[in-house]
**Student:** 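Here it is: the structure, laid out below.
Letters A, B, ... are given to chains in the order of the sequence lines, protein chains preceding strands, and every chain is numbered from 1. For clarity, every value in this text was computed on a predicted model and none was experimentally measured.
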Protein chains: 2
Amino acid sequence: MREPLRADMFDELCPSSLNPVRFGDKWAALIIRCLEDGPRRFSELRVPLSRVTPKVLTQSLRALERDGLITRSVLDARATLHVEYELTALGRSMLEPMAVACAWVEQHWDQLLNAREAYDRAIRFDHAG
Amino acid sequence: MREPLRADMFDELCPSSLNPVRFGDKWAALIIRCLEDGPRRFSELRVPLSRVTPKVLTQSLRALERDGLITRSVLDARATLHVEYELTALGRSMLEPMAVACAWVEQHWDQLLNAREAYDRAIRFDHAG
DNA sequence: CGGTATCCACAAGGATACTG
DNA sequence: CAGTATCCTTGTGGATACCG
C-alpha cells in the first residue's frame, strides 16, 4: 500500500511558496510531486491539494496531460468511477530539473527572504522619510 | 565594448515560449539572460525586450531587485541620468538551475509540442464524433 | 534618460452548486 | 467518484500619455 500524501509543502505558508521558479501553472509542480511515488486518484490528489478547487485541479491536470507529462486512465468503469493519473516518462524526466531548481531555492531561500525584507524595509524607510 | 543584445529568443514565436518552466514573472528569465554578460542600462534592456512596456519592465526589475537577484545603480547623476542593472552573486547563481531547465526544455520540446498537438487533435476528434 | 500615472483587457484562479 | 457549470474576483500584464 502506498503512503498517503504529506501536506507540508502544500501549506501556503511553506517557505517554498517563496520560490521564484515556477513549473507550469500555479499547481503543476505540486501535482507532479504528488505523482512522484506512483499513480494517484483524483480524490487522493484533493487531500494534499485541499486549497485547490476541483475545477482548477482538473484544469491543471488537463494542462499536464496535454503536455504529455501525465496520463489519465479510467479503470474499472463498471463499478464506481475510478480514474488514475500517472507521470509519463516525459513527466518523470522533469523531476530532475525540478529537483535542481528546488535545491537552489532551498539553498538560497534565506538569502531571498533577507533580500525581500531588506528591500521592503528600505522602501518603507524611503516613504517615511 | 560589450556586445549588443540579441533578440532571437525574445521573439514570441521562439520555441522556448513553449517552456512550462518559468522563473519569476513573465519576463524575469529573459531579463536575467540579458544581464548574463554584464551590467545593462534600462534603455539597453528595452531593445531586446521591445515587447515589454516600460511599466512592466520596471515592475519586473523591481521584483528581481527585491529578491536580491539584481542590483540597481545610479551612476554619474550630474550629467544625464544613467542607471545600470547588474546580476548579484545570488542572481548569477540562478543561471545554473535556469540552464538545467532550459536544457530540459530544449531536449524535450519536440516531445512537448507533439504531445500538445496530439492532445488537441484528440479533443477535436472527441467533439467532432 | 529612466522612469510614473492612469486606465484597461484578459487570463487565471476561486466559490458554490450541481451531475453522469 | 470524478468531475462540470456558472458566476465572480483578482492579478498580471499592456496601452498610452506624461514627468523630473
Side-chain angles (χ1 to χ4, degrees), chain A residues 5 10-12 17-31 34-35 39-67 70-86 123 126-127, chain B residues 5 10-12 17-31 34-35 39-67 70-86 123 126-127:
Chain A
L5 295 167
F10 302 90
D11 189 323
E12 75 177 316
S17 65
L18 172 76
N19 193 343
V21 185
R22 298 181 299 175
F23 292 80
D25 64 22
K26 190 171 179 180
W27 305 107
L30 292 180
I31 291 172
C34 284
L35 296 174
R40 297 287 179 180
R41 302 181 63 171
F42 190 81
S43 49
E44 286 182 293
L45 294 173
R46 292 215 60 198
V47 175
L49 298 166
S50 58
R51 281 160 46 225
V52 190
T53 62
K55 185 197 110 177
V56 172
L57 181 55
T58 301
Q59 280 176 3
S60 297
L61 288 167
R62 292 288 182 279
L64 292 171
E65 190 190 357
R66 179 171 183 255
D67 278 357
I70 66 172
T71 57
R72 175 181 180 275
S73 318
V74 181
L75 309 173
D76 200 25
R78 56 216 153 151
T80 62
L81 204 44
H82 186 131
V83 175
E84 281 203 334
Y85 293 91
E86 188 170 14
I123 293 296
D126 272 3
H127 291 345
Chain B
L5 295 166
F10 302 89
D11 189 324
E12 76 177 316
S17 65
L18 172 76
N19 193 343
V21 185
R22 297 181 300 174
F23 291 79
D25 64 23
K26 189 171 179 182
W27 305 108
L30 291 179
I31 291 172
C34 284
L35 296 175
R40 296 287 179 179
R41 302 181 63 170
F42 189 81
S43 48
E44 286 181 294
L45 294 172
R46 291 215 62 197
V47 176
L49 298 166
S50 58
R51 282 161 46 227
V52 190
T53 63
K55 185 198 111 177
V56 173
L57 181 55
T58 301
Q59 279 175 4
S60 297
L61 287 167
R62 293 288 182 277
L64 291 171
E65 190 190 357
R66 180 171 183 254
D67 278 357
I70 65 173
T71 56
R72 175 180 181 275
S73 318
V74 181
L75 309 173
D76 199 25
R78 56 216 151 151
T80 62
L81 204 43
H82 187 130
V83 175
E84 281 203 335
Y85 294 92
E86 187 170 14
I123 294 296
D126 273 3
H127 291 344

**Student:** May I have the distance from Leu45(A) (atom CG) to dC1(D) (atom P), rounded to whole angstrom?
**Tutor:** 13 Å

**Student:** Starting from P on dG13(C), measure out to CG on Leu57(A) and report it in whole angstrom.
**Tutor:** 12 Å

**Student:** Arg46(A) side chain N/O closer than 4.0 Å to the phosphate oxygens (OP1, OP2) of dG3(D)?
**Tutor:** no

**Student:** Would you call Trp27(A) and Arg51(A) a side-chain contact if the rule is heavy atoms closer than 4.5 Å?
**Tutor:** yes

**Student:** Reckon Thr58(B) has a side-chain N or O less than 4.0 Å from the OP1 or OP2 of dG3(C)?
**Tutor:** no

**Student:** Would you say Arg41(A) places a side-chain N or O within less than 4.0 Å of OP1 or OP2 belonging to dC1(D)?
**Tutor:** no

**Student:** How far does OH of Tyr85(B) sit from SG of Cys34(B), to the nearest 0.5 angstrom?
**Tutor:** 13.0 Å

**Student:** Rounded to whole angstroms, how far apart are CG on Leu75(B) and P on dC1(C)?
**Tutor:** 15 Å

**Student:** Below 4.5 Å, heavy atoms only, C-beta onward: do Arg62(A) and Arg66(A) meet side chain to side chain?
**Tutor:** no

**Student:** From CD of Glu84(B) over to P of dC1(C), roughly how many Å is that when rounded to an integer?
**Tutor:** 14 Å

**Student:** Test Ile31(B) against Leu57(B) for side chain to side chain contact (heavy atoms under 4.5 Å, CB included), laying out the working first.
**Tutor:** CA-CA 9 Å; Ile31(B) 291 172; Leu57(B) 181 55; 3.8 Å; yes

**Student:** In whole Å, what is the span from the CZ atom of Arg40(A) to the P atom of dG3(D)?
**Tutor:** 16 Å

**Student:** If a protein heavy atom is under 4.0 Å from the base, mark B; if only from the sugar-phosphate, S; if neither, -; do that for nucleotides 6-20 of chain D going 5' to 3'.
**Tutor:** BB-----BBB----B

**Student:** Hey, does Leu45(A) have a side-chain heavy atom less than 4.5 Å from the side chain of Leu61(A)?
**Tutor:** yes

**Student:** Any idea which of dG3(D), dC1(D), dG3(C) is nearest the Phe42(A) side chain?
**Tutor:** dG3(D)

**Student:** Arg62(A) side chain N/O closer than 4.0 Å to the phosphate oxygens (OP1, OP2) of dT4(D)?
**Tutor:** yes

**Student:** Is there side-chain contact between Glu84(B) and Leu75(B), with heavy atoms separated by less than 4.5 Å?
**Tutor:** yes

